[in-house]
Amino acid sequence: EVQLVESGGSSVQAGGSLRLSCIASGYTYSNYCMGWFRQAPGKEREGVAVLDGVGRTTYADSVKGRFTISQDNAKNTLYLQMSSLKSEDTATYYCAAADTFHWTCRASYPFTYWGQGTQVTVSA
């Protein structure tokens with residue numbers, strides 16, 4: 001059974017940094033399409049960053065230059081390094097995974113597996 005467990009969410013002041021982690025189990029991590037998504041109250045879920053099976057990354061325009069997605073295959077862990085945080089980054093952040101080819105790996109892909117979410121709150 002595939003499981004994703006996020007951690008690292010916290011309350012920070014604007015301009016601060018956080019690193020989210022997502023520990024995966026139940027599959028061969030390195031071949032999967034991985035992503036970070038977020039959902040703020042009253043808003044639709046949006047894709048933040050995606051990492052495909054060959055190491056390519058894509059980001060939402062709102063986080064480009066501030067967020068970095070990466071993975072440690074030895075630890076089966078996906079990361080989201082967030083810096084220069086803004087109040088509009090406040091949301092619940094979710095890790096997601098999908099067993100798909102790298103050329104179909106994008107935020108709009110119907111990801112199969114999801115974590116429980118971790119809360120990030122940025123105060124002005």
Side-chain angles (χ1 to χ4, degrees):
E1 180 183 359
V2 176
Q3 288 190 326
L4 302 173
V5 180
E6 304 100 333
S7 63
S10 182
S11 296
V12 296
Q13 289 190 329
S17 299
L18 278 177
R19 187 177 77 162
L20 305 183
S21 300
C22 172
I23 298 177
S25 62
Y27 64 95
T28 303
Y29 183 87
S30 61
N31 297 326
Y32 269 54
C33 172
M34 304 298 298
W36 285 99
F37 295 77
R38 67 186 180 186
Q39 187 166 20
K43 294 187 177 181
E44 292 187 355
R45 185 176 64 198
E46 65 169 333
V48 175
V50 173
L51 174 64
D52 70 17
V54 294
R56 294 180 300 192
T57 58
T58 56
Y59 297 91
D61 288 342
S62 59
V63 306
K64 281 181 180 177
R66 300 189 299 121
F67 290 11
T68 302
I69 186 172
S70 63
Q71 65 185 28
D72 184 332
N73 291 338
K75 297 181 178 180
N76 255 20
T77 303
L78 182 74
Y79 300 103
L80 183 68
Q81 178 68 47
M82 306 184 294
S83 59
S84 302
L85 283 162
K86 305 175 182 180
S87 57
E88 50 263 44
D89 294 320
T90 295
T92 301
Y93 284 72
Y94 299 90
C95 168
D99 184 7
T100 185
F101 298 106
H102 64 84
W103 57 83
T104 62
C105 179
R106 56 182 64 88
S108 58
Y109 187 85
F111 282 74
T112 310
Y113 307 105
W114 293 84
Q116 82 289 349
T118 187
Q119 178 67 35
V120 173
T121 302
V122 184
S123 57

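What you see below is based on every heavy atom in this structure, not just the backbone, and it leaves out hydrogens, waters and symmetry mates. Predicted model only: the values in this text are computed from it and were never measured.
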Worked verdict on D99 versus T112 for side-chain contact (heavy atoms from CB on, under 4.5 Å): CA-CA 8 Å; D99 184 7; T112 310; over 6 Å; no
Any donor-acceptor pair under 3.5 Å from T118 side chain to G9 backbone: yes
Closest contact, heavy atoms only, S17 versus V12: O-CG1, 4.2 Å
Short side-chain to backbone donor-acceptor contact, R19 and Q81, under 3.5 Å: no
Donor-acceptor pair, side chain of R66 and main chain of S62, under 3.5 angstrom: yes
Close side-chain approach of V120 and M82, heavy atoms under 4.5 Å: yes
Exam field: side chain N76 to backbone A24, donor-acceptor pair closer than 3.5 Å: yes
Donor-acceptor pair between T92 and Q119 side chains, under 3.5 angstrom: yes
Side-chain (R56) to main-chain (G53) donor-acceptor, under 3.5 angstrom: no
Exam field: side chain Y59 to backbone G47, donor-acceptor pair closer than 3.5 Å: no
Taking every non-hydrogen atom, the tightest pair across L85 and L18: CD1-N, 4.0 Å
Under 3.5 Å donor-acceptor, Q13 side chain and V122 backbone: no
Atom of R38, atom of E46 and distance for their closest heavy-atom approach: NE-OE2, 2.6 Å
Pairing of D89 and K86 as salt bridge, 4.0 angstrom limit: no
Closest non-hydrogen atom pair, G115 against E6: CA-OE2, 3.2 Å
Within 45° cone of W114 ring axis and under 6.0 Å: R45 NZ or CZ: yes
Point-to-point distance, once rounded to the nearest 0.5 Å, from CG of L78 to OG of S70: 7.0 Å
Smallest separation among heavy atoms of M34 and C95, with atom names: CE-SG, 4.1 Å
Closest heavy-atom pair and its distance - V63, V48: CG2-O, 3.6 Å
Aromatic ring proximity W36/F67, centre distance under 6.0 Å: no
Ring geometry between F37 and F111 (parallel below 30°, tilted from 30 to 60°, perpendicular above 60°): perpendicular
Verify same cluster id: L51, L80 (apolar side-chain graph, 4.5 Å): yes
ILVMFWY cluster, V50 and Y79 together (side-chain gap under 4.5 Å): no
Side-chain donor/acceptor of T77 to backbone N/O of I23, under 3.5 Å: no
Hydrophobic cluster membership, I69 vs Y113, 4.5 Å side-chain cutoff: yes
